[in-house]
Amino acid sequence: MNISTVAKEMSLSPSTIRYYESINLLPPIKRNEAGIRTFSEDDLKWIDFIACMRTAGLSLDVLKRYTDLVREGDDTLLERKEILIEEREQLLKKKEEMEKVLDRLDYKIEDYEGKLLIKEQKMV
């Protein structure tokens, strides 16, 4: 699969994928005789993982540290797990904050709906 196809499938830009490769978030991508990147299924799994973690809010620095540890091998399993646990805890905190904001928005919307109903009843 070439970079354009991968980018489209992963909803990323080709430049983002190239950037991830340039900062070693991705393993080196194989190239054909013409020098065009050819992505394997494993490459796609890495890109999907990175995109998912970025969506979750992980910084490039954290992802870089994590991917470096993966390359170091199984001796880093505990440290990788700790990174994921810490990031999960931060994401849960963000989720709680968002739930509070949503509750407040729901309250305000209900307040407006009540005011609109009263106004409509006065019109009848």
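Follow the hydrophobic side-chain contacts under 4.5 Å out from Leu84 and you reach Val70 in the same cluster. No continuous path of ILVMFWY side-chain contacts below 4.5 Å connects Leu77 to Trp46, so the two sit in separate hydrophobic clusters. Linking Ile, Leu, Val, Met, Phe, Trp and Tyr residues whenever their side-chain heavy atoms come within less than 4.5 Å places Ile50 and Leu60 in a single cluster.
For the side chain to side chain contact (heavy atoms under 4.5 Å, CB included) with Ile17, the lone residue among Leu25, Ile47, Asp43 that qualifies is Ile47. If you run side chain to side chain contact (heavy atoms under 4.5 Å, CB included) between Lys95 and each of Met98, Glu97, Glu99, only Glu99 comes through.
Note that CD1 of Ile109 and CG of Leu116 are 11.5 Å apart. Values are rounded to the nearest 0.5 Å. Rounded to the nearest 0.5 angstrom, Arg31 CZ and Thr38 OG1 are separated by 9.0 Å. Separating the CG atom in Asp75 from the CG atom in Leu78 is a distance of 11.0 Å, to the nearest 0.5 Å. For the atom pair CG of Asp68 and CG of Leu63, the computed distance is 10.5 Å after rounding to the nearest 0.5 Å. Rounded to the nearest 0.5 Å, atoms CG (Leu12) and CZ (Arg18) are 12.0 Å apart. We find the CG-CE distance between Asp48 and Met53 to be 9.0 Å, quoted to the nearest 0.5 Å.
The shortest heavy-atom contact between Ile3 and Phe39 is CA-CE1, 3.5 Å. Taking both residues in full, the closest heavy atoms of Leu91 and Ala56 are given as CD1-O, 3.2 Å, listed atom of the first, atom of the second, then distance. The heavy-atom pair separating Asn24 from Lys64 by the smallest distance is CB-NZ, 3.8 Å. Taking each heavy atom of Ser13 and Ala7 in turn, the nearest pair found is C-CB, 3.9 Å. The shortest heavy-atom contact between Met10 and Leu44 is CE-O, 3.4 Å.
The ring pair (Phe, Tyr, Trp, His ring centres under 6.0 Å) check on Tyr19 picks up nothing, with sequence neighbours excluded. Partners of Glu21 by side chain to side chain donor-acceptor pair (under 3.5 Å), not counting sequence neighbours, listed by chain and number: Arg37. Residues that satisfy the salt bridge (Lys or Arg N to Asp or Glu O under 4.0 Å) test with Lys94, not counting sequence neighbours, are absent from this structure.
Electrostatic pairing of Arg65 and Asp61 does not count as a salt bridge here, judged by no charged N lying under 4.0 Å from a carboxylate O.
Few gaps surround CZ on Arg71; more than 12 heavy atoms of other groups in view lie less than 6.0 Å from it.
You'll find the side chain of Glu72 reaches within 4.5 Å of the side chain of Leu69, heavy atoms only. Annotation: side chain of Asp74 is in contact with side chain of Arg80 (closest heavy-atom distance under 4.5 Å). Side-chain contact between Tyr20 and Arg54: present, with at least one pair of heavy atoms (C-beta onward) separated by less than 4.5 Å.
Other members of the hydrophobic cluster containing Leu105, listed by chain and number, are Val101; membership follows side-chain contacts under 4.5 Å among ILVMFWY residues, whether direct or relayed.
Remark: side-chain polar atoms of Thr76 are not paired, donor with acceptor, to backbone N or O of Glu79 under 3.5 angstrom.
Residue pairs meeting the ring pair (Phe, Tyr, Trp, His ring centres under 6.0 Å) criterion with at least one member in residues 47-82, sequence neighbours excluded, are Phe49-Tyr66. For residues 114-124, the pairs satisfying side chain to side chain donor-acceptor pair (under 3.5 Å) are Asp111-Lys115, with sequence neighbours left out.
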